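Since this is a predicted model, take the numbers as computed values, not measurements. What you see below is based on every heavy atom in this structure, not just the backbone, and it leaves out hydrogens, waters and symmetry mates.
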Amino acid sequence: MASSEPLAAGPAIVRTLELAAGLALLTARVAGRDDLAARAEALAAELAPLAAEDADAYRDYLTAHSDEARARTIELPLRMAELAADAAELAVESARTTERAVSGDAKTGVLLAEAAARAAALLVEVNGGGDAAASAIGRAARAAARL
């Protein structure tokens, strides 16, 4: 995971979400919940291209300053916020499947996902998308409150 290149905010959010999904996956596997493990794997697959897509969109915006480039700097973090809420809900379900020590892993995943949702929403707002990600923040916060 170490890299000499610093991450911009979008790829850092995706990295955080990958960690959250991985913690939910770990817990689901230990609990023997193949259904939750499959959801975590699907979430990870959906996250995989987002970091590069966001980095490209950010670079394009910094270069072109076009409306199209700006729209992508809103669209991609908005997608991240929604996936963060999904990750938080999945991690809560995973945490509730076991009382073993690994429930702490899933609970940590919930907190990471909630933080990622808030960070993605911040990018949406800063890039001109207003509070379009507010519902994702709410979903992630409600999931965290269920811990």
Side-chain angles (χ1 to χ4, degrees), residues 1-31 33-95 97 102-144 146-147:
M1 237 185 357
S3 172
S4 61
E5 292 293 318
L7 292 177
I13 292 166
V14 173
R15 176 91 42 93
T16 302
L17 287 172
E18 289 170 339
L19 293 170
L23 291 168
L25 176 61
L26 169 72
T27 307
R29 283 183 177 162
V30 169
R33 290 289 305 269
D34 293 338
D35 58 324
L36 295 179
R39 283 177 50 199
E41 290 169 345
L43 179 62
E46 199 167 345
L47 288 167
L50 276 182
E53 288 175 24
D54 186 78
D56 289 345
Y58 186 52
R59 187 172 34 260
D60 290 348
Y61 179 70
L62 291 177
T63 302
H65 295 287
S66 69
D67 288 340
E68 180 181 322
R70 178 182 292 280
R72 286 186 38 85
T73 68
I74 295 168
E75 168 194 324
L76 291 166
L78 184 56
R79 183 70 189 131
M80 289 174 210
E82 289 295 330
L83 291 172
D86 293 346
E89 291 168 347
L90 174 62
V92 165
E93 286 183 61
S94 294
T97 64
V102 294
S103 71
D105 294 301
K107 290 175 181 179
T108 298
V110 173
L111 298 176
L112 290 173
E114 182 185 19
R118 291 182 184 283
L122 173 70
L123 288 184
V124 169
E125 182 180 344
V126 166
N127 292 338
D131 66 352
S135 68
I137 291 175
R139 285 179 49 217
R142 283 189 299 279
R146 291 181 9 218
L147 287 179

*Is it true that a side-chain atom of Thr27 and a backbone atom of Val102 form a donor plus acceptor pair closer than 3.5 Å?*
yes

*Answer yes when Arg142 and Glu114 have at least one side-chain N-carboxylate O distance shorter than 4.0 Å, and no when they do not.*
no

*Got a sec, which residues hit salt bridge (Lys or Arg N to Asp or Glu O under 4.0 Å) with Arg39, two or more places apart in sequence or on another chain?*
Glu93

*asked:* Rounded to the nearest 0.5 Å, what separates atom CG in Leu83 from atom CD1 in Ile13?
replied: 11.5 Å

*asked:* If you compare all heavy atoms of Ala136 against all heavy atoms of Ala85, which two are closest, and at what distance to 0.1 Å?
replied: O-CB, 3.5 Å

_Within this structure, what is the OG1-CG distance for the pair Thr16 and Leu111, rounded to the nearest 0.5 Å?_
12.5 Å

*Which atom names give the shortest non-hydrogen contact between Gly109 and Ala91, and what distance separates them?*
C-CB, 4.1 Å

*Return the set of residues passing side-chain hydrogen bond (donor to acceptor under 3.5 Å, both in side chains) with Asp35 (not counting sequence neighbours), or none when no residue passes.*
Arg33

_To the nearest 0.5 Å, what is the distance between CD on Glu18 and CG on Leu43?_
9.5 Å

*Find the distance between CD1 (Ile137) and CD (Glu82) and round it off to the nearest 0.5 Å.*
10.5 Å

*asked:* For Leu50, is there any backbone N or O sitting under 3.5 Å from a side-chain donor or acceptor partner on Asp54?
replied: no

_For the student: nearest non-hydrogen atoms of Gly128 and Ile74, plus distance_ = C-CD1, 3.6 Å

*asked:* Using a strict threshold of under 4.0 Å (side-chain N to carboxylate O), is an ion pair present between Arg59 and Asp56?
replied: yes

*Can you tell if the side chain of Glu89 reaches within under 4.5 Å of the side chain of Asp86, non-hydrogen atoms only?*
yes

*Within a strict 4.5 Å, meaning less than it, do heavy atoms of the Leu25 and Glu41 side chains meet?*
yes

*Looking only at heavy atoms, what is the nearest atom pair of Ala69 and Tyr61, with distance?*
CB-CA, 3.6 Å

*asked:* Looking at Asn127 and Thr73, would you say the former's side chain and the latter's main chain have a donor-acceptor pair under 3.5 Å?
replied: yes

_For Ala55 versus Pro11, what's the shortest heavy-atom pair and its separation?_
CB-CG, 4.1 Å

_Distance check, rounded to the nearest 0.5 Å: Leu90 atom CG versus Leu23 atom CG?_
11.0 Å

*When rounded to the nearest 0.5 angstrom, what is the spacing between CE in Met80 and CD in Glu75?*
10.0 Å

*Taking all non-hydrogen atoms of both residues, which atom of Val110 and which atom of Ala88 are closest, and how far apart?*
CG2-O, 3.7 Å

*Quick one: do Arg72 and Glu68 make a salt bridge, cutoff under 4.0 Å?*
no

